[in-house]
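Notes follow the structure.
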Amino acid sequence: MPELPEVEVLARHLAPLLIGKVIHGVTVRRAKVIAPLSPLQLIRRVRGATIQALSRRGKYLVFQLQPLPPKGECSTLLGHLGMTGRMYVRPADRPLPRHAAVIFSLGRQNLVFEDQRYFGRITFATAVLRRLGPEPLGPEFTAAYLRAALQRSRQAVKVKLLDQSLVAGIGNIYANEALFRAGISPFLPAKELSSSQVHRLRQSIRLVLAEAIAGGSTVPLDWAGTQGKDRLFYFGRAAGTPDYYEERLQVYDRTGQPCGRCRHPLKRIVQGGRSTFFCPNCQARIPHRSRATGFKT
DNA sequence: CACCATGTTCCTTG
DNA sequence: CCAAGGAACATGGT
């Protein structure tokens, strides 16, 4: 469940449920998720602390903890959901799911961190934040910044969008969606984007992310994923029911389906070990002069 | 059995 | 030092 929009929606959901709550205890069922701390070290640092604030940076959840009484500095705890992580609040007396990795007790309720693949992390090591690029929806992410950042690389633009030090929070789904929306070939070397392409790409990134946040804020979500499928965000394929997500993604995981713009079959290829989905017609490397592409240059 | 999956880090190689 | 590519991590779906 984790790219910028999902983490943002999750943070907004959890904040009112968690702020002001005291962490009474922690249960660690998968030690690797909290490495390099041991379960005892984590408990020592967290027990009795009050959750003061919850925000997001890139794909990280940022918890501000106030240790015990008025004593001590505020400390920062990071949560990262990896590929399959979930975090949710629910009554403490409910049985734990198979892949519950860390459980914070908040009295009558628990904050559960569950992760099928255990790629997620909970850590006090905040140094990673300093390596993140600007927030794509923030004021620093200007066209001038993006152009300068892309100019230094021959790497394919699709691969660069996944570089968290370039811009924070874009993952494989929204990288694909943003490039499709901008009408830019995923193969185009970063430094070869024209000025107008850089502008379009920046705008597409922002629109794609903002729309996903808006969508995720509107629709009721299944935080604990009890429906079996991942109905939380990406693959809302519930039969019937108002299914906003069904048509939300234009290219991701749509190999062979007709492009929504031109009806060409969408293609899947691999770049940097990750799938790239794109329309070979709308996202051609060299746009056909004779064909009206609809993407202004 | 094969291949694929929303992510990051570490290790090579150039 | 940097850029780029690949494996590893762990589990499950198809």
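Just so it is clear: chains get the letters A, B, ... in the order the sequence lines come, proteins before strands, and each one is counted from 1.
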Inset, instruction - Looking only at non-hydrogen atoms, find the nearest pair between A/Ile170 and A/Lys59 and report the distance. - result: O-NZ, 3.2 Å
Choosing from [options], which nucleotide comes nearest the side chain of [X]?
X	options	result
A/Arg131	C/dG12, B/dT9, C/dA4	B/dT9
A/Val128	B/dG7, B/dT9, C/dA10	B/dT9
A/Arg154	B/dA5, C/dA4, C/dC9	C/dA4
A/Ser153	C/dA4, B/dG7, C/dG12	C/dA4
A/Arg98	B/dA5, C/dG12, C/dT11	C/dG12
A/Phe119	C/dA10, B/dT8, B/dA5	C/dA10
A/Ser275	B/dT8, B/dC4, C/dG12	B/dC4
A/His80	C/dT11, C/dA10, B/dG7	B/dG7
A/Gln155	B/dT8, C/dA4, B/dA5	C/dA4
A/His99	C/dG12, B/dA5, C/dC9	C/dG12

Inset, instruction - Scan every strand shown for a Watson-Crick or G-U wobble partner of C/dC2, both distances under 3.5 Å, and answer none if you come up empty. - result: B/dG14
Inset, instruction - Answer with yes or no whether the side chains of A/Arg117 and A/Thr84 bring together a donor and an acceptor at under 3.5 Å. - result: no
How is [X] classified with respect to the nucleic acid when contacts are heavy atoms under 4.0 Å: base, sugar-phosphate, or nothing?
X	answer
A/Gly272	nothing
A/Arg30	sugar-phosphate
A/Gly273	nothing
A/Val159	nothing
A/Thr84	nothing

Rounded to the Å, how far apart are [X] [atom1] and [N] [atom2]?
X	N	atom1	atom2	answer
A/Lys32	B/dC10	NZ	P	13 Å
A/Arg254	B/dC4	CZ	P	20 Å
A/Glu3	B/dA5	CD	P	13 Å

Legend entry - Candidate pair A/Phe187 and A/Phe278, rule ring-ring contact (aromatic ring centres under 6.0 Å, His included), full reasoning: CA-CA 10 Å; A/Phe187 303 107; A/Phe278 69 109; 5.4 Å; yes
Inset, instruction - Give a yes or no answer on whether the side chain of A/Asn172 reaches the backbone of A/Ser275 with a donor-acceptor pair at less than 3.5 Å. - result: yes
Inset, instruction - Without swapping roles, check the side chain of A/Gln203 against the backbone of A/Arg200 for a donor-acceptor pair under 3.5 Å. - result: no
Inset, instruction - Using the C1' atom as the reference point in each nucleotide, state the distance between C/dG13 and B/dT8 in Å, no decimals. - result: 23 Å
Inset, instruction - For A/Arg117 and for A/Lys160, locate the closest nucleotide of DNA chain C by heavy-atom distance; then report the residue assigned to the nucleotide nearer the 5' terminus. - result: A/Lys160
